[in-house]
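Start at 1 and go down the list; that is how both ligands and their atoms are numbered.
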Amino acid sequence: MRIDTEVKLDYKNVLIRPKRSDLLSRSEVDMEREFRFPHAKVTWKGVPIIAANMDTVGTFEMAKALAGHNAMTALHKFYSQEDYKTYFEQEAPAAGINPWARTFFSFGINEQDVENLDEAMKLAANRPEGEPVFICLDVANGYSERFARIVERIRKTHEDAIIMAGNVVTGEMTEQLIISGADIVKVGIGPGSVCTTRKMTGVGYPQLSAVLECADAAHGLKGLVCADGGCTVPGDVAKAFAGGADFVMLGGMLAGHDECNGQVLTRRYLTNELDENDKQIVKEEKFLEFYGMSSDTAMNKHYGGVAKYRASEGKRVEIPYRGGVDGTLMEILGGVRSTCTYVGAQSLKELSKRTTFVTVSQQINEVFGKS
Ligand code: 5GP
């Protein structure tokens, strides 16, 4: 046993120090980034925010809405090949959207997943000339040797695909995945809003430090990282980018919207207020379900129950209904743009170079709330 006593940081443990800036307005800040990849020989340009591949967030509806802002969506893995075909070849083009540059196909690594991936790549083979194809290979624990081998195999069979793989939280495994064939490494174990991994297993890594360390390792190999999980407010998204994340993946912040494909549920409750007849006033609350992909809820829905040998590592929550996602996305982009103006970064690309984090004492966190 060994104890690493170096302090590791979460988003809530830091703030970004303002710097002299000659920017006049946040509207001057360019939120798009252009990337090259270590393996796929393509260039991509867009807003590097990705809706998480959860079945309550990574939907076709979300993909359409986010594509309208040049941002991306990792589709959840429970769509059928027919669904993909309809979306990629009819629905998205009819909505004036190029789905290829704005959408990840997501898969796990079981046999069925690998079969589904091969089928999806047949559809991708017919994409318009010059369009990229994005694959998200997602496992809870990216440290298994088998995972690295599968990444390697998929890289060999799909040379031109942009492959994002994870999740990991340390530099050496980030390097391993990039060497195995990943272009983007997904970073985060345990920070998710509906994740219970840290409670159930004691495993995890404070997310900002994970992003800093993995980004450093990835960039040394010309690879990229995606900070996945733990952002609860636009300032957290800014801190992830400032810490070196090339992409940021969001679950909870994009949940609760029309595009989540969930049922809007209504709860009525008695308040302590009285009406003119001295009757207790009844109020209504609208909400949507949001749950972790390894929660009991997800397991029951997609696999008919939780396997005996495993415990659920996710939970179900109710998110107040928030209408369309456009407003939320504008708020997130507005927040990050504003961060850039505070540190004098003319573009998102410059944000991390111009960032100095200051650590915030635990006491202050407690006085002012967690974020
Ligand atoms: P959020 O943005 O909600 O904080 O985090 C979203 C991320 O949480 C997802 O992209 C995924 O990596 C992770 N996640 C989703 N469902 C589960 C789950 O059931 N268990 C765990 N451990 N992580 C989850």
Inset, instruction - Compare Q207, M299, E313 and give the one whose heavy atom is closest to atom 20 (N) of ligand 1. - result: E313
Legend entry - Shortest heavy-atom approach to atom 19 (O) of ligand 1 - which of S294, G166, C231: S294
Inset, instruction - Write out the residue and atom name of the closest protein heavy atom to atom 5 (O) of ligand 1, then the distance separating them to 0.1 Å. - result: G229 CA, 3.3 Å
Inset, instruction - Measure S295 to ligand 1 on non-hydrogen atoms and call it side chain, backbone, both or neither using the 4.0 Å cut-off. - result: backbone
Legend entry - From F134, F60, W100, residue fulfilling ring-ring contact (aromatic ring centres under 6.0 Å, His included) relative to F88: W100
Legend entry - Within-cut-off N or O pair, T196 and ligand 1, under 3.5 Å: no
Legend entry - Heavy atom of the protein closest to atom 3 (O) of ligand 1 (residue, atom name, distance): S193 OG, 2.6 Å
Inset, instruction - Answer yes or no: does an N/O atom from D228 fall short of 3.5 Å to an N/O atom of ligand 1? - result: yes
Legend entry - Protein contact of atom 24 (C) of ligand 1 - nearest heavy atom, named by residue and atom, plus distance: C195 CB, 4.1 Å
Legend entry - Heavy-atom nearest neighbour in the protein, as seen from atom 17 (C) of ligand 1, with distance rounded to 0.1 Å: M293 N, 3.5 Å
Inset, instruction - List the closest protein heavy-atom neighbour of atom 2 (O) of ligand 1: residue, atom name, distance to the nearest 0.1 Å. - result: G251 N, 2.8 Å
Inset, instruction - Answer yes if the side chains of T170 and E172 hold a donor-acceptor pair under 3.5 Å, and no otherwise. - result: yes
Inset, instruction - Looking only at protein heavy atoms, identify the closest one to atom 15 (C) of ligand 1 and say how far it is in Å. - result: M54 CE, 3.4 Å
Legend entry - Note: R316-E318 ion pair, threshold 4.0 Å (strictly below): yes
Legend entry - Modelled atom types, side-chain donor and acceptor of T86 and E91, under 3.5 Å: no
Inset, instruction - Step through it carefully: locate the ring centre of Y79, locate the ring centre of Y87, and say whether they are under 6.0 Å apart. - result: no
Legend entry - Polar proximity ligand 1 side, M253 side, N/O cut 3.5 Å exclusive: no
